[in-house]
Engineer: 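Sharing a structure with you now.
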Amino acid sequence: MDTDPYFMSLALTLAKKGRDTTHPNPAVGCVIVKDGVVIAEGYHEFAGEDHAEAKALKQAGEAARGATMYVTLEPCSHQGRTPPCARAVAKANLARVVIAAHDPNPAVNQKGIEILKEAGIVVEVGVGSEQAKVINRGFFKRMNSKMPWVTMKTAISLDGRTAMANGESQWITSRSARLDAQKLRASSGAILTGVGTVLRDDPSMNVRLPNTNRQPLRVILDSHLSTPPGSKILDSLGAVLIVTSRNDRDNELFRRDNVELLLCPSGKTGLDPVYVMKELARREINTVMVEAGARLGGAMIQSGVVDELVVYMAPNLLGSDARDMFKLSGLINMEDKLELRYEDVRMVGRDLKLTLSINPQ
């Protein structure tokens, strides 16, 4: 129908409201329409609470009979933290359900649609599909490849430097850029850094936005367990995962209730980034934000685990003695260069925000 894209756009807008809070579940929006009028809406906000479809159906009540539901992801068909949505939708006697995208979860894919069709509901799939997949790109990637979506964030000067030679870096970019980076953190399932950054800057690596109700998992790559027990990152609210190659469970770091040790294989360039990301995906982490120094940042990029680079570029110059953006080894000839693609360029305060895909297809 001609109105399908419009009503699906409303559902997609609702889905975006849950992007920072639904982890590890996908963000889903739903609207119910009858006689061309929206009679109910809902979006999934927190894992363990009602899904978007359940919220909309409760709001619609008996009026849902004969109506059309627009939902951004295939209704779930399995018992998880909540009952299966597909069966609740089937019982509501809707005339039609328009779905943006199939659920990539093998426990759901196509099964929710089958339940709806068996109930005599007309089902259409594909309206707004690409937008729905972008909203849940981490969930889709984890389900399809058992790897999370990885975004690397960095702040640089116009000449590509991240700090002065003495390590001073506060502040290269404006307050507006730093606030925007906080929003990136809020939408991430985990924030990953290296022990070098912990030792140098003693960051908290938490989300400091108003009304924050969920802190991402903080992940520290620390081969030799050099993280100081008094580090801010350990004292902040939320869980911390220290990835190491040193099996020392008696270390005082692990006497804290919020700290967990993960043993990881180590290669020539340090801990294996692929192993780390697979483990985070196994823990139902959909999206990872990397905030690291030049050496770890370069190793992560060259390992192939990074999907996206977000660069905040300030209109200042730090000079040739300042610290590099990344340490990238083995790039000798022009044919060795790493190809990226600009996905978005915009102003944030006085700074430029550049979003690039690392492995463009």
Side-chain angles (χ1 to χ4, degrees), residues 1 3-5 7-19 21-34 38-144 284 286:
M1 294 175 63
T3 56
D4 285 351
F7 288 120
M8 185 60 77
S9 72
L10 300 181
L12 290 164
T13 299
L14 286 169
K16 292 175 184 178
K17 290 185 176 183
R19 282 190 297 188
T21 58
T22 60
H23 302 272
N25 290 352
V28 180
C30 175
V31 297
I32 299 177
V33 177
K34 196 167 190 177
V38 175
I39 61 170
E41 61 182 36
Y43 71 95
H44 187 35
E45 189 170 5
F46 299 108
E49 295 188 358
D50 281 347
H51 289 188
E53 304 96 315
K55 287 184 176 180
L57 287 172
K58 285 180 180 179
Q59 190 180 118
E62 288 298 318
R65 182 183 295 272
T68 297
M69 172 182 282
Y70 295 85
V71 62
T72 59
L73 195 66
E74 177 182 355
C76 62
S77 57
H78 67 302
Q79 177 71 46
R81 296 177 178 89
T82 58
C85 288
R87 300 204 178 278
V89 174
K91 290 179 181 179
N93 294 311
L94 291 152
R96 184 167 168 260
V97 174
V98 182
I99 299 168
H102 293 289
D103 192 324
N105 185 346
V108 178
N109 195 311
Q110 305 286 343
K111 297 181 180 70
I113 291 172
E114 289 174 9
I115 290 172
L116 300 183
K117 288 182 176 180
E118 287 172 359
I121 297 172
V122 175
V123 179
E124 297 183 34
V125 182
V127 178
S129 174
E130 290 307 311
Q131 299 97 307
K133 290 176 181 178
V134 169
I135 291 171
N136 288 302
R137 60 189 184 178
F139 180 75
F140 272 81
K141 186 182 178 191
R142 178 168 69 87
M143 288 297 164
N144 291 326
E284 297 188 311
N286 295 322

Engineer: With sequence neighbours left out, what residues match Thr13 under side-chain contact (heavy atoms from CB on, under 4.5 Å)?
Structural biologist: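 side-chain contact (heavy atoms from CB on, under 4.5 Å) check on Thr13 returns nothing, list empty.
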Engineer: Taking all atoms of both residues into account, what is the closest heavy-atom pair of Glu53 and Pro75, and its distance?
Structural biologist: OE2-CA, 3.2 Å
Engineer: Report the residues that fulfil side-chain hydrogen bond (donor to acceptor under 3.5 Å, both in side chains) with Lys117, sequence neighbours left out, ordered by chain and then residue number.
Structural biologist: none
Engineer: If the condition is side-chain contact (heavy atoms from CB on, under 4.5 Å), which residues does Gln131 pass it with, not counting sequence neighbours?
Structural biologist: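 Per chain and number, Gln131 pairs via side-chain contact (heavy atoms from CB on, under 4.5 Å) with Leu12.
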Engineer: Taking Lys34 for the side chain and Arg65 for the main chain, is one N or O donor matched with an acceptor at less than 3.5 Å?
Structural biologist: yes
Engineer: CD1/Ile113 to CD1/Ile121 distance, rounded to the nearest 0.5 angstrom?
Structural biologist: 12.0 Å
Engineer: Taking atom CE of Met143 and atom CG of Asn105, what is their separation to the nearest 0.5 Å?
Structural biologist: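 Separation between the atoms: 4.0 Å.
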Engineer: List for me each residue that meets side-chain contact (heavy atoms from CB on, under 4.5 Å) alongside Ala15, sequence neighbours excluded, and say none if there are none.
Structural biologist: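 With sequence neighbours excluded, Ala15 shows a side-chain contact (heavy atoms from CB on, under 4.5 Å) to Thr72, Ile135, given in chain and number order.
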Engineer: Just to verify, what does Val134 make a side-chain contact (heavy atoms from CB on, under 4.5 Å) with, not counting sequence neighbours?
Structural biologist: none
Engineer: Suppose we screen for side-chain hydrogen bond (donor to acceptor under 3.5 Å, both in side chains). Which residues come up paired with Glu114, at least two apart in sequence or across chains?
Structural biologist: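 So Glu114 forms no side-chain hydrogen bond (donor to acceptor under 3.5 Å, both in side chains) with any residue.
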Engineer: Who pairs with Asn136 by side-chain hydrogen bond (donor to acceptor under 3.5 Å, both in side chains), at least two apart in sequence or on another chain?
Structural biologist: none
Engineer: Closest heavy-atom contact between Asn286 and Pro24?
Structural biologist: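 Taking Asn286 first and Pro24 second, the nearest heavy atoms are ND2-O, 2.8 Å.
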Engineer: Among all residues two or more places apart in sequence or in another chain, which pass the ring-ring contact (aromatic ring centres under 6.0 Å, His included) test with Phe7?
Structural biologist: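 ring-ring contact (aromatic ring centres under 6.0 Å, His included) list for Phe7, sorted by chain: Tyr70.
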Engineer: For residues Gly18 and Ala27, report the shortest heavy-atom separation together with the two atoms involved.
Structural biologist: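 So the minimum-distance heavy-atom pair works out to C-CB, 4.0 Å.
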Engineer: Would you please name every residue forming a salt bridge (Lys or Arg N to Asp or Glu O under 4.0 Å) with Lys91, sequence neighbours left out?
Structural biologist: none
Engineer: Which salt bridge (charged side-chain N to carboxylate O under 4.0 Å, His left out) pairs, counting each pair once, include a residue from residues 135-144, with sequence neighbours left out?
Structural biologist: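 For residues 135-144, and leaving out neighbouring residues, the salt bridge (charged side-chain N to carboxylate O under 4.0 Å, His left out) pairs sorted by first residue read Arg137-Glu308, Lys141-Asp307.
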Engineer: What pairs with His23 under ring-ring contact (aromatic ring centres under 6.0 Å, His included), at least two apart in sequence or on another chain?
Structural biologist: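 ring-ring contact (aromatic ring centres under 6.0 Å, His included) list for His23, sorted by chain: empty.
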